[in-house]
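Below: the structure, in structure tokens.
Numbered from 1 within each chain, the chains take letters A, B, ... in sequence-line order.
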Amino acid sequence: MKIASFNINGIKARAQALPQWLDEAEPDVVVLQEIKSIDENFPREIFEERGYTVETHGQKSFNGVAILSKLPLEDVTRGLPGDLPDGAPDAQARWIEATVMGDTPIRVCGLYLPNGNPVEIENGAPKEGGKYAYKLSWMKRMKARAEALLALEEPFLMAGDYNIIPQDEDAKRPEAWQDDALARPESRAAYREILNLGFTDAFRARTLGPGHYSFWDYQAGAWNRDDGIRIDHILLSPACADLLRDCQIDKEIRGREKPSDHVPIWVDLDA
DNA sequence: ATGCCGCTAGAGTAGCGA
């Protein structure tokens, strides 16, 4: 079973490039981020005519996640459990889950983790109500959700745009990112807290060393200089890691016409 | 030091987010 993650940076803008990649890569399941569309406006037909079931969790203008699947989906849920630190509900559409009913059912979580910039520190702590505090509090909620799913002892994975550069080797120019919300120590620590629950970074289970990226900024000729960062990840639960056959980043997509600034990452599971 | 892109509002550019 091939499961992919792709931050498409706007479904309308990717109406050509996304179906072209789908037809070539033929994933069974895809989690999408930044659909930037309300559910009613999502062009379901493009995917349904290719045999995909479509489940969206969108909002106006920003964010928005979705799951496409050629296999039946069960128990679809939308939104990351938990509220904002002040108790208000989280209005941002960044999380969707479904169980993919293949030979071995796999719970798939699609996520769009907050970017977190600008970093605002007040009295040595992330400023309350700021974007960086939101990112870190969201990661705490994600950790809680991961713990709840681990307790079920069933294979699952969490795939998406994590907006986290895990280590310096995951950036062409790590010094340029050291104070950024994607790489700051608090961000990396929160990511490791989740990882240390027992997850496997699927890509790093197969490929070591520098020079592997999933995002290249549109600005400053980043793609032409291969000035990228690895921020799209697929974390596997222990039972799911046992099923891993392969994990790849489809880098060449970035050099095509009207590309997203991210490229797809996928796993092949023996499931 | 810097080069972009997608979205919305609402009429040309401007602001936001990333």
Side-chain angles (χ1 to χ4, degrees), chain A residues 5-21 31-43 46 56-66 80 84 90-95 110-121 126-127 129-139 142 159-166 170-184 186-188 190-191 213-233 251-265:
Chain A
S5 171
F6 193 0
N7 180 324
I8 55 175
N9 191 15
I11 185 62
K12 295 178 201 72
R14 231 52 66 204
Q16 304 296 321
L18 175 56
Q20 185 187 355
W21 169 76
V31 293
L32 300 175
Q33 302 87 38
E34 284 203 88
I35 64 174
K36 295 186 175 180
S37 161
I38 59 174
D39 297 336
E40 293 73 19
N41 291 349
F42 191 84
I46 294 175
T56 60
H57 179 40
Q59 69 179 93
K60 194 176 176 182
S61 305
F62 306 117
N63 307 324
V65 289
L80 180 63
L84 301 180
D90 186 353
Q92 300 193 30
R94 296 178 173 277
W95 185 271
L111 67 109
Y112 176 45
L113 205 149
N115 175 292
N117 285 305
V119 173
E120 296 175 286
I121 303 293
K127 183 182 174 187
K131 289 190 161 64
Y132 194 49
Y134 175 63
K135 176 178 194 151
L136 296 175
S137 67
W138 199 96
M139 294 181 79
M142 179 177 168
D161 177 359
Y162 280 69
N163 272 313
I164 292 284
I165 302 168
D170 297 308
K172 176 70 169 289
R173 296 182 302 122
E175 70 283 357
W177 295 96
Q178 61 185 0
D179 298 322
D180 191 280
L182 276 60
R184 282 181 60 95
E186 302 95 320
S187 304
R188 287 181 170 176
Y191 177 75
Y213 312 124
S214 66
F215 169 93
W216 295 260
D217 202 295
Y218 289 123
Q219 301 184 66
W223 168 248
N224 290 327
R225 300 187 304 184
D226 196 25
D227 182 5
I229 51 178
R230 192 176 72 92
I231 57 174
D232 297 87
H233 310 300
K251 177 178 184 177
E252 71 282 0
I253 298 295
R254 186 62 177 80
R256 294 188 178 176
E257 287 297 307
K258 246 181 114 53
S260 171
D261 40 8
H262 296 250
V263 297
I265 175 176

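Atoms NE2 (H262(A)) and C1' (dA18(B)) sit 8 Å apart, rounded to a whole Å. Rounded to whole Å, the distance from CZ on F62(A) to P on dC16(B) is 10 Å. L182(A) places its CG atom 16 Å from the P atom of dG17(B), with the value rounded to the nearest Å. Taking atom CD1 of residue I8(A) and atom P of nucleotide dC5(B), one finds them 17 Å apart after rounding to whole Å. Atom C1' of nucleotide dT2(B) and atom CG of N224(A) are separated by 14 Å, given to the nearest angstrom. Q92(A) places its CD atom 18 Å from the P atom of dC7(B), with the value rounded to the nearest Å. The CZ atom of R254(A) sits 12 Å away from the P atom of dC4(B) (whole-angstrom rounding). The nearest whole Å value for the distance from the CG atom in D217(A) to the P atom in dC4(B) is 11 Å.
The two atoms that bring F6(A) and H262(A) nearest to each other are CE1-O, 3.3 Å, heavy atoms only. Shortest non-hydrogen contact noted between W138(A) and P114(A) is CD2-CD, 3.5 Å.
Taking atom P in both dA18(B) and dC7(B), the straight-line distance is 14 Å, to the nearest Å. dA1(B) and dT13(B) have their C1' atoms separated by 26 Å, given to the nearest Å. Between the C1' atoms of dG10(B) and dG15(B), the separation comes to 13 Å (whole Å).
Here R225(A) does not reach the OP1 or OP2 of dG3(B): none of its side-chain N or O atoms lies under 4.0 Å away. Residue K131(A) places none of its side-chain N or O atoms closer than 4.0 Å to OP1 or OP2 of dA18(B). Contact annotation: R94(A) reaches the phosphate of dA18(B) (side-chain N/O to OP1 or OP2, under 4.0 Å).
With sequence neighbours excluded, the residues that form a salt bridge (charged side-chain N to carboxylate O under 4.0 Å, His left out) with R230(A) are D170(A), D201(A). Residues meeting the salt bridge (charged side-chain N to carboxylate O under 4.0 Å, His left out) test with K251(A), sequence neighbours left out: D226(A).
No side-chain donor-acceptor contact under 3.5 Å links N115(A) and K131(A). Judged purely by distance below 3.5 Å, without hydrogens or angles, the side chains of S260(A) and N9(A) never pair a donor atom with an acceptor atom.
Nearest-nucleotide mapping onto DNA chain B: of N117(A) and P259(A), the residue sitting toward the 5' end is P259(A). In terms of position along DNA chain B, the nucleotide closest to I35(A) lies nearer the 5' end than the nucleotide closest to the other residue of the pair D161(A) and I35(A).
The aromatic rings of H233(A) and Y191(A) are tilted relative to each other, their planes meeting at an angle between 30° and 60°.
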Are there any protein N/O atoms within less than 3.5 Å of an N/O atom in nucleotides 8-11 of chain B, and if so, which ones and at what distance?
unit_1, atom_1, unit_2, atom_2, d
dA9(B), OP1, K60(A), NZ, 2.6

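Residue-level contact check: G10(A) touches the backbone only, with heavy atoms under 4.0 Å from sugar-phosphate atoms and none from bases. Nucleic acid contact for A220(A): base, since at least one base atom lies under 4.0 Å from a heavy atom of the residue. Within the nucleic acid shown, F215(A) has no heavy atom closer than 4.0 Å to any nucleic acid atom.
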Q: Step by step, work out the side chain to side chain contact (heavy atoms under 4.5 Å, CB included) result for L32(A) and R14(A).
A: CA-CA 11 Å; L32(A) 300 175; R14(A) 231 52 66 204; over 6 Å; no
